[in-house]
Structures are given as structure tokens and as C-alpha cells.
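Below, each value reflects all heavy atoms present in this structure, side chains not excepted, and no hydrogens, waters or symmetry copies. To find a chain, count down the sequence lines: A is the first, B the second, and so on, and within it residues start at 1.
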Number of protein chains: 2
Amino acid sequence: MPNIKLSKSEENYLKSIFNLSEFGNKQVSTNSISKILNIEPASVTDMLKKLSKKNLVYHEKYKGSTISKSGIKIALQIIRRHRLWEVFLHDKLKFKWDEIHEIAEELEHVSSEELIDNLDKYLKYPKIDPHGDPIPNKLGEIDFVDKISISDLNINEKGIVSRIINEDEEFFNLLKKLNIEIGTEIKIVDKIEYDQSVEILINKKSVIISKDISNNIKITKI
Amino acid sequence: MPNIKLSKSEENYLKSIFNLSEFGNKQVSTNSISKILNIEPASVTDMLKKLSKKNLVYHEKYKGSTISKSGIKIALQIIRRHRLWEVFLHDKLKFKWDEIHEIAEELEHVSSEELIDNLDKYLKYPKIDPHGDPIPNKLGEIDFVDKISISDLNINEKGIVSRIINEDEEFFNLLKKLNIEIGTEIKIVDKIEYDQSVEILINKKSVIISKDISNNIKITKI
DNA sequence: TAAAGTTTTTAGGTTTGCCTAAATTATTCA
DNA sequence: TGAATAATTTAGGCAAACCTAAAAACTTTA
Ligand SMILES: [Mn+2]
Ligand SMILES: [Mn+2]
Ligand SMILES: [Mn+2]
Ligand SMILES: [Mn+2]
């Protein structure tokens with residue numbers, strides 16, 4: 001199977017399907033892809049057929065889609081490119097950690113293997129990107145450290161923010177407002193049963209964050 | 001006039017039209033654009049109409065096209081991006097000078113002004129790219145040093161290769177075969193009246209190069 | 001200066017990637 | 001379990017950026 005050049009669209013679909021599939025293990029619904037990519041479900045169906053014909057996903061009508069082995073391989077390549085560019089933008093070009101995702105979203109589609117390998121070498125083979133996400137190596141192997149979320153800590157326990165899952169702009173804005181970034185120390189003050197929101201202490205200020213928010217912030221326990 | 005985002009195609013057309021126009025001074029024929037971009041003349045006409053409607057070129061039916069002030073401004077921006085990326089690829093990622101053009105052709109279309117300005121700063125505001133071409137600054141100003149060509153030297157005069165105009169792969173291959181690169185010292189042995197080809201000495205070996213080849217190699221007299 | 005040749009445009013298609021509206025299938029829940 | 005609701009697909013369209021073939025306009029040349 002010679003490496004057929006994929007379009008930017010196809011690459012974005014594959015990456016999203018992979019991300020939704022939890023490392024290729026889960027079936028992915030048409031609607032979930034639609035929501036993530038902001039593309040109407042009807043169009044997603046079109047593309048699923050196309051990717052299906054290329055054996056990058058398996059698509060069962062009205063059921064859902066699974067990403068294939070070769071689909072995963074390609075998705076990991078794109079993720080590798082994205083995260084390496086993020087490291088470059090952050091470490092070398094001195095962009096803030098919340099400004100890099102959008103630009104990397106474009107750079108990731110420049111597909112020269114040599115380019116990425118030289119970039120990797122130049123950056124000294126980084127293992128994680130500025131959001132704490134692991135970077136796949138040339139072979140697609142990835143350090144799969146499943147960090148715990150804020151909500152996994154108990155009251156009075158402390159942690160260091162080590163990974164931000166959601167990279168949408170609104171989420172970044174929220175984190176900024178909360179004074180949360182990679183490296184920030186937090187302490188659990190209270191866990192609210194009712195809706196599983198959590199009261200946490202950041203720089204001596206206490207705030208309550210929803211379950212959804214806390215799930216998107218991974219930490220290292222200290 | 002707010003900066004409207006142009007497509008990759010539109011950007012490539014503008015850059016080519018600008019390059020053919022000799023800094024916006026000459027009218028450009030539909031056929032010449034067609035040849036450079038490898039796109040059929042009929043399609044070129046389509047795009048010329050489109051760019052015309054956006055006031056980036058003036059298109060006179062059956063006559064030719066002229067690039068507008070704002071067209072030039074955009075073209076210079078794209079050229080700036082292209083050449084800065086070439087510097088990055090060559091100086092930082094250690095690509096050979098004949099491997100960078102193609103990759104820069106992709107990178108130049110990632111349009112974030114901040115990205116380019118930060119890259120410029122990171123590279124310490126380089127004035128020329130690895131082929132000896134001047135790099136426009138943020139404002140589109142460009143050091144316009146019109147170097148002399150090999151054919152401008154007289155017999156027995158010497159020069160240092162300082163700029164390669166043609167960046168096609170075949171031309172690079174030819175230069176490699178001739179052992180010519182930026183910095184190579186050459187000496188004129190003879191100038192052939194018949195077809196204006198030139199006999200030159202490179203590393204003690206003498207070769208005859210055609211007028212077309214010598215025109216594409218700019219030098220600094222020594 | 002008119003015929004021949006060249007350049008450019010027009011007309012009519014195609015592919016990609018998207019959309020809306022309507023039809024179909026699956027799921028929920030009363 | 002059957003009716004309402006939700007998810008998904010099909011059908012039909014559209015814009016961008018190409019193409020080929022044919023027509024029209026310019027240029028050369030005899
Ligand atoms: Mn990112
Ligand atoms: Mn992307
Ligand atoms: Mn170049
Ligand atoms: Mn280009």
C-alpha cells in the first residue's frame with residue numbers, strides 16, 4: 001500500500017475519528033464527527049463513504065464507523081506533526097501555549113516526512129507538547145500515560161496541572177480566567193455530590209468548576 | 001480594505017503574476033501564467049477574472065493583465081513567507097539548499113502574520129534566502145540588488161555565484177552536476193558569439209553553459 | 001491586406017467538499 | 001409494542017478550481 005496523498009479534509013476527518021475512537025477501540029457516530037468538525041451530518045456521511053472506499057475506516061450504514069489499522073497509522077502521523085509544530089511554536093517562536101493550536105492546525109497538513117523528521121531532531125525529540133500531550137514517534141508509537149483528572153483527587157489532596165485536553169479557544173479563555181495553566185498547583189477543597197462539580201484552590205483563591213471542566217484538566221498528584 | 005483571506009490557488013497566481021511582471025511594471029500574458037503554473041490557459045482566464053473582480057489585477061480582454069498595488073502587496077507577503085521558511089529549513093533544519101523550495105511552496109500558504117513575524121525575529125531578520133534572493137520585510141520593502149549575470153563578465157574576469165534565479169528541480173540538478181552553488185568561484189574563459197554561450201572555469205574544470213543557464217546565475221564580481 | 005497562425009476567451013464538463021430538505025432507520029418511552 | 005423522537009442517509013444543489021473543444025480576437029506574413 002503506497003502512501004496515497006490525502007487531502008486536508010480527509011486528514012482532519014481521520015484525526016477526529018481517531019480522537020473520538022479512544023485509540024481505535026470505540027465505534028464513532030456520524031453525529032459526533034459532525035459536531036467536532038462543524039460539518040453537517042450529511043456531509044460527514046459522504047466523507048465516511050470515501051474513507052471507507054480507501055479502507056481507512058469501516059462504515060456500517062446507520063450504525064457507526066470504526067477507524068482501520070492504516071487509518072490509525074495516518075492519524076498518528078498527523079497528530080505527530082501537529083504536536084511537533086506546537087512545540088516549535090511555543091519553545092522556539094515564543095508563542096503562548098494558548099496561541100499555538102490554531103496555527104498548528106494548518107502546519108500539520110504540510111506533508112513532508114523529511115520535514116517532520118528534521119523538525120523532530122531539531123527540537124531534540126520532545127516527548128510531550130506544550131499542552132502536556134504525548135508526541136508519537138516516527139513509527140507512530142506513543143507514550144500512553146493516562147493521567148488522572150482533577151475529579152479523581154480526594155478532598156485536601158494536591159496536584160500539578162499537567163495536561164489540557166480540550167484545545168478550543170473558549171476553553172483556553174476560561175483557563176486563563178481561572179489562572180490555570182500547565183504547572184499550576186491546585187488543591188481540592190470540596191467535591192459536590194449533586195453535579196460532581198469540584199471546589200478547588202488556585203493561588204489561594206477558591207473556585208468551583210463543573211465536572212466537564214475538571215475532566216478536561218489532567219494532573220499529577222503531589 | 002480589510003485583509004480578505006485568499007485561497008492557496010489565488011496566492012499562487014498572484015505570486016506568479018508578480019514574478020512575471022518585473023515588479024509590477026510589465027503586462028503579463030495569459031499564456032505565460034499558464035506555462036509557469038502548469039494550468040491550461042482557459043483556467044487562467046477564469047482566475048484572472050476572479051482576481052480582477054477583487055481588484056488584485058487589471059485584466060483587459062485579449063490584451064493581458066497587470067498586477068495592482070494591492071496585488072503587489074500581497075505577492076510580496078507571500079514571497080516573504082516563502083523565503084523566510086527557506087531560511088528556516090536551510091539554517092535550522094539543515095536541509096540542502098536545493099531541497100527547500102518545494103517544502104516552502106507549501107509552508108508559504110499558512111497565513112498567520114504573527115507566525116511569520118515571530119519566525120522573522122527568530123531567524124534574526126535575514127536579508128536574503130539560501131538562493132541569494134532578497135527577503136521583503138514586514139512592510140513589503142525589499143532590497144532590490146540587481147546582480148549581474150555570468151554573461152556580463154568579460155573574458156578572464158572572476159565572480160562568486162551569489163544568486164540562483166530558476167528554482168526548478170531540473171535546474172538544481174544541472175547546477176549540482178556542474179558543481180555550482182552559492183559561493184562557488186568561477187572565471188570566464190571564453191564567450192561564444194554564435195549563441196552567446198559562455199565557457200567558464202569551475203574548480204579548474206572548464207565547461208560551456210548556454211545563455212539561458214548563465215542568465216539564471218547571478219554573481220558578484222571579484 | 002487577406003489568409004494563416006497564435007493567443008485568448010467562451011461554453012460546457014468534472015471532481016471535491018460542502019449544504020438543505022426529505023426519506024429512512026434506529027432508539028426511546030409511554 | 002407502537003408512536004414519537006433522534007440519528008443517519010439519500011437526493012439534489014452549489015462554489016471553487018480545474019479540464020477540453022470550439023469560437024473569437026489579435027498578430028504575423030506572404
Ligand atoms: Mn493542538
Ligand atoms: Mn487540521
Ligand atoms: Mn523558493
Ligand atoms: Mn505556493
Rounded to the Å, how far apart are [X] [atom1] and [N] [atom2]?
X     : N      : atom1 : atom2 : answer
A/M47 : D/dT8  : CE    : C1'   : 17 Å
B/L51 : D/dA16 : CG    : C1'   : 13 Å
B/D46 : D/dC19 : CG    : P     : 10 Å
A/E40 : C/dC19 : CD    : C1'   : 7 Å
B/L37 : D/dA16 : CG    : P     : 19 Å
B/K5  : D/dA16 : NZ    : P     : 14 Å
B/N38 : D/dC19 : CG    : P     : 9 Å
B/Y13 : D/dA16 : OH    : P     : 14 Å

Between [X] and [Y], is any side-chain donor less than 3.5 angstrom from a side-chain acceptor?
X      : Y      : result
A/S68  : A/S70  : yes
A/H82  : A/E86  : yes
A/S162 : A/K218 : no

*Provide the closest heavy-atom pair for B/S197 versus B/S210 in the form atom of the first, atom of the second, distance.*
CB-CA, 3.9 Å
*Shortest non-hydrogen contact from A/I219 to A/V161?*
CG2-CA, 3.9 Å
_Footprint string (nucleotides 1-9 of chain C, 5' to 3'): B base within contact, S backbone only, - free, heavy atoms under 4.0 Å_ = ------SBB
_So, using side chain to side chain contact (heavy atoms under 4.5 Å, CB included) as the criterion, who are the partners of B/D46 when residues are at least two apart?_
none
*Within less than 4.0 Å of OP1 or OP2 of C/dC18, is there a side-chain N or O belonging to A/S9?*
yes
